[in-house]
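Heads up: the structure comes next, in structure tokens.
Owing to the predicted nature of the structure, the values given are computational and were not obtained by experimental measurement. Chain identifiers are assigned alphabetically (A, B, ...) following the order of the sequence lines, protein sequences preceding nucleic acid strands; residue numbering begins at 1 within each chain.
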Amino acid sequence: MVETVQSWEVPIAREDDIVLVRRKARALAQERGFDAFAAAALTTAASELARNVWVHAGGGKAIIEELTDGYRTGIRMTFVDEGPGITDVERVLQGGFSTARSLGLGVSGTRRLVEEFDLQTAPGRGTRVVIVKWTRF
Amino acid sequence: MRTLRTRLGFDQRELQSRRAFFDIQDEDLARLAELRELALKHMDDINEEFYTHLLSHPETKRFFPDDATIRRVKRLQREYFLGLFEGRCDLEYVENRLRVGAAHEQIGMSPRWYIGAYRKYLSQLLDRFTNELPVGEGRIGYDSVLKLIMFDMSLAIDAYIAANLETLGRHQAAIRELSTPVIKVQDRILLLPLIGAIDSQRAQQVMETVLLRVIEEKAKVMIIDIAGVPVVDTKVADHLMKTTAAMRLVGAQTILTGISAQVARTIIQLGVDISAMPTLARLQDGIELALSMLGQQITKAST
Ligand SMILES: Nc1ncnc2c1ncn2[C@@H]1O[C@H](COP(=O)(O)OP(=O)(O)O)[C@@H](O)[C@H]1O
Ligand SMILES: [Mg+2]
């Protein structure tokens with residue numbers, strides 16, 4: 001059974017907030033014993049998704065949760081916005097597609113950095129991305 | 001020059017709502033205009049007392065270093081004082097009051113001191129009004145002047161905060177410039193140690209500074225050390241590649257150093273292809289590579 005131990009909410013209302021989300025993710029990962037690779041992966045994933053909220057949806061929020069399954073510690077990050085949503089989900093998940101003339105590797109790359117990944121979106125209905133990363137044991 | 005008012009977005013609507021909140025009615029303004037004569041009569045003694053007060057406290061005294069300053073601010077103070085009794089509270093009035101706050105920020109006088117100074121004014125006016133006006137009139141007149149002075153105070157504080165933020169912004173710009181320290185390693189080799197988060201403004205700035213320096217120094221190799229960058233996400237990687245492409249256009253090659261094992265692995269997992277630039281873990285190796293690249297170029301050129 002997975003339980004939430006603690007949770008934090010960070011609004012993403014300006015570019016600087018991306019740094020705050022990222023720092024919270026990194027600090028938590030380090031405090032809870034994630035190794036350097038896992039911490040870097042989580043921090044980078046947080047950076048990508050927070051930036052997407054800011055750049056593509058004009059703002060939203062991040063919810064950061066500390067989880068436990070009785071053995072390991074997990075960090076779940078949920079990124080929520082009420083922006084335009086994603087029309088071409090398939091292409092975005094595949095990677096290399098961007099509506100902002102950037103690399104288009106944020107979503108597809110993030111998927112490879114975490115253990116669990118869930119994307120819910122629809123045109124005009126906003127976007128919600130949930131990622132989870134666990135300590136090794 | 002743009003007015004303070006427009007810079008702060010203070011328009012007719014804001015004026016209406018703030019006047020409503022401070023309860024400044026046309027009757028208040030008319031009443032103050034009627035009190036102008038009394039105000040004129042006491043202007044000089046009120047001002048003298050006011051400055052005696054300011055000069056008797058070291059915290060405020062230091063803002064009046066010499067007689068010339070004192071004369072100048074006394075004149076401004078008279079203008080301020082008479083402004084209260086002109087029977088107006090329009091946008092021009094607002095502009096004038098905002099300047100008070102901006103001027104205080106410039107000389108570094110913080111709101112606590114000039115709020116204390118407003119307090120002194122109010123005491124003095126209360127004193128004159130109760131002594132010289134029939135009881136009811138004095139009280140009503142004082143209430144009107146209280147409204148207007150509080151209104152002035154709100155404007156002065158708005159302007160103070162805005163000016164303060166601008167000062168901060170200028171400092172940030174300066175820091176940003178300082179944090180793009182391009183170092184000349186050797187003739188034709190430049191080094192940029194990047195430290196801290198790369199936001200879009202900073203990315204822009206890095207690109208511009210680096211380009212300028214490369215052209216200025218006629219550099220052939222630009223080493224960018226990212227050991228101090230906390231996260232290399234697709235945005236940072238994209239920025240580095242764009243900088244590399246721009247460097248190539250002005251005839252310089254880019255070497256990326258300071259890439260930790262974690263960062264290398266994360267970049268690969270993200271699927272970013274940074275093979276367009278040589279990457280090395282250690283800065284020293286980067287410098288050696290730069291030297292050898294130059295050596296090769298020199299030999300090539302001489303054959
Ligand atoms: N939160 C979001 N809201 C709306 N659209 C998004 C959001 N996140 C991603 N997208 C869309 O998915 C595309 C790919 O995103 P991503 O993989 O992060 O690459 P990039 O941000 O470089 O474009 C974006 O260009 C955008 O069209
Ligand atoms: Mg993105």
Checking B:Ser200 against chain A: side chain, backbone, both or neither under 4.5 Å from a heavy atom?
-> both
Check whether B:Val232 gets within reach of chain A through its side chain, its backbone, both or neither, counting any heavy atom under 4.5 Å.
-> backbone
CD (A:Glu48) and NZ (B:Lys235) are apart, to the nearest 0.5 Å, by 10.5 Å
What is the minimum heavy-atom distance between [X] and [Y], and which atoms define it?
| X | Y | value |
| --- | --- | --- |
| A:Arg101 | B:Lys242 | O-NZ, 4.3 Å |
| B:Gly271 | A:Leu105 | O-CD1, 3.4 Å |
| A:Arg22 | B:Ala197 | NH2-CB, 3.3 Å |
| B:Ile198 | A:Arg51 | O-NH2, 4.3 Å |

Should we count [atom1] of [X] as having more than 12 external heavy atoms under 6.0 Å?
| X | atom1 | result |
| --- | --- | --- |
| A:Glu82 | CD | no |
| B:Lys184 | NZ | yes |
| A:Arg112 | CZ | yes |
| B:Glu59 | CD | yes |
| B:Gln106 | CD | no |
| A:Glu90 | CD | no |
| A:Arg23 | CZ | no |

Please say which of A:Thr44, A:Leu113, A:Val114 ends up in a side-chain contact (heavy atoms from CB on, under 4.5 Å) with B:Gln269.
-> A:Leu113
With A:Leu103, which of B:Asp273, B:Thr234, B:Leu270, B:Asp233 fulfils side-chain contact (heavy atoms from CB on, under 4.5 Å)?
-> B:Thr234
Top of A:Gly109, A:Ala39, A:Gly104, A:Ser108 for chain B proximity - count of heavy-atom pairs under 4.5 angstrom | A:Gly109
Max heavy-atom pair count under 4.5 Å with chain B, selected residue of A:Ser47, A:Gly106, A:Gly95, A:Ala41 = A:Ser47
Relative to chain B, which segment of A:Arg111 carries a heavy atom at a distance below 4.5 Å: side chain, backbone, both, or neither?
-> neither
